[in-house]
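Scroll down for the structure; my scribbles are underneath it.
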Amino acid sequence: MTTRVIIVDDQAMVRAGFAALLAAQSDIDVVGEAPDGAQGVELSRRTRPDVVLMDVRMPEMDGLEAARRLLAPRPGVTHRPRVLMLTTFDVDDYVYEALRAGASGFLLKDAPSADLIAAVRVVASGDALLAPSVTRRLIADFARQRPAARRKPALRLKALTERETEVLTLVARGRSNTEIAEILILAEQTVKTHVSRVLTKLGLRDRAQAVVLAYESGLVAPGE
């Protein structure tokens, strides 16, 4: 199946470079480009892509606000694409907030070409771009810097079974399904089922949101 992608970035050369790279893949179709968040939201509404590559800093409307509008749309709008944030390390605060809003992960703009292609495929498949645990470290840093935001384990976590809580804890620590299966001595398919149940019970979209909740609720503490 072909993955439909739009690219939202205020630098024309960046858009052109990413578009050429992705369009060369047989399973990826670049269906549009936009120079700012506002136009990106409108383009997404019109083209209904599977994945939106979203720059963080842009004029008119930044990537954070655009991500919020795409992932928590107004009543009547049913399309919600996966959003992959494009960033550099100096805008971590924006990325953290984007993850809270429901973005599926982030990618450094100077990442190798193979990483960009892989990232689009990972996000399109419904997973979150957490490897190589950069997102986890980012969230941990902000949980450490904002102790007032951390609370006792949220009441919503009580809906989880003991095993599901163990799985969520390991997800938040950046473990893959394969690693979790080895640690808990379970079949990998069983781990996938537990992860799916955790997301459903907690009303979360993907692993990125699960990691955010685990840190913010106090289930996992920075540095553990």
Side-chain angles (χ1 to χ4, degrees), residues 1-88 91 94-132 134-135 196 199 204-210 212:
M1 186 176 71
T2 301
T3 298
R4 294 165 55 82
V5 177
I6 66 171
I7 302 166
V8 185
D9 193 296
D10 62 331
Q11 298 181 51
M13 291 185 66
V14 171
R15 296 198 307 273
F18 284 176
L21 176 64
L22 295 174
Q25 311 307 308
S26 61
D27 60 335
I28 299 176
D29 184 14
V30 178
V31 297
E33 303 173 26
D36 61 61
Q39 293 185 54
V41 171
E42 192 279 329
L43 178 63
S44 179
R45 297 276 191 265
R46 189 172 70 251
T47 61
R48 301 175 69 84
D50 300 301
V51 177
V52 176
L53 288 180
M54 182 78 73
D55 188 20
V56 172
R57 287 182 174 174
M58 293 180 289
E60 303 300 327
M61 180 188 294
D62 64 24
L64 175 58
E65 179 58 28
R68 285 174 176 153
R69 296 193 184 192
L70 289 176
L71 298 170
R74 61 181 182 275
V77 177
T78 58
H79 179 249
R80 296 187 184 187
R82 301 278 174 177
V83 176
L84 179 61
M85 303 302 295
L86 300 170
T87 185
T88 56
V91 288
Y94 287 91
V95 177
Y96 175 78
E97 294 301 331
L99 290 172
R100 293 188 65 197
S104 293
F106 75 94
L107 187 72
L108 296 179
K109 295 179 77 171
D110 60 356
S113 300
D115 287 0
L116 172 64
I117 296 168
V120 169
R121 290 171 176 158
V122 166
V123 170
S125 72
D127 207 348
L129 189 68
L130 296 177
V134 177
T135 304
S196 178
L199 298 180
L204 304 174
R205 184 171 185 178
D206 56 31
R207 294 169 83 102
Q209 287 191 313
V212 171

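Below, all heavy atoms of this structure are taken into account, side chains as well, without hydrogens, waters or symmetry copies. Keep in mind it's a predicted model, so treat the numbers as computed, not measured.
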>> side chain to side chain contact (heavy atoms under 4.5 Å, CB included), that's the test. Do V30 and I7 meet it? Break it down for me.
In response: CA-CA 8 Å; V30 178; I7 302 166; 4.2 Å; yes
>> Evaluate V56 against F106 for side chain to side chain contact (heavy atoms under 4.5 Å, CB included), listing each step before the verdict.
In response: CA-CA 10 Å; V56 172; F106 75 94; over 6 Å; no
> Can you list the steps and then say if K109 with D9 is a side chain to side chain contact (heavy atoms under 4.5 Å, CB included)?
Replying inline: CA-CA 11 Å; K109 295 179 77 171; D9 193 296; 2.9 Å; yes
>> side chain to side chain contact (heavy atoms under 4.5 Å, CB included), that's the test. Do M61 and R69 meet it? Break it down for me.
In response: CA-CA 11 Å; M61 180 188 294; R69 296 193 184 192; 3.2 Å; yes
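Residue R207 comes nearest to L199 through the heavy atom pair N-CD2, 4.4 Å, listed as atom of the first residue, atom of the second, then distance. The shortest heavy-atom contact between I6 and G40 is CD1-O, 3.8 Å. Nearest heavy atom pair, residue T2 against residue S26, reads OG1-O, 4.3 Å. Residues V31 and R4 come closest through the heavy atom pair CG1-NH1, 3.5 Å. Smallest separation of non-hydrogen atoms from A67 and M85: CB-SD, 4.3 Å. The two residues M58 and D36 have their closest heavy-atom pair at SD-CA, 3.7 Å.
In summary, R45 and E42 do not engage in a salt bridge, as defined by a charged side-chain N under 4.0 Å from a carboxylate O. Taking 4.0 Å as the cut-off between side-chain N and carboxylate O, D27 and R121 count as a salt-bridged pair. A salt bridge between D10 and R57 is absent, with no side-chain N of the basic residue lying under 4.0 Å from a carboxylate O of the acidic one.
Using a 4.5 Å cut-off on side-chain heavy atoms (C-beta onward), H79 and R46 make no contact. Side-chain contact between T3 and D29 is absent, with no heavy atoms from C-beta onward closer than 4.5 Å. Side chains of V8 and L43 form no contact here, defined as non-hydrogen atoms less than 4.5 Å apart. Using a 4.5 Å cut-off on side-chain heavy atoms (C-beta onward), L70 and V83 make contact. Between I28 and V120 the shortest side-chain heavy-atom distance falls below 4.5 Å. Between L116 and L21 the shortest side-chain heavy-atom distance falls below 4.5 Å.
The CZ atom of F18 sits 7.0 Å away from the CG atom of L107 when rounded to the nearest 0.5 Å. Rounding to the nearest 0.5 Å places OG of S44 at 12.0 Å from CZ of R80. Here the straight-line distance linking atom CG of D50 with atom CE of M1 works out to 6.0 Å at 0.5 Å rounding. A distance of 8.0 Å separates OG in S125 from CZ in R82, rounded to the nearest 0.5 Å.
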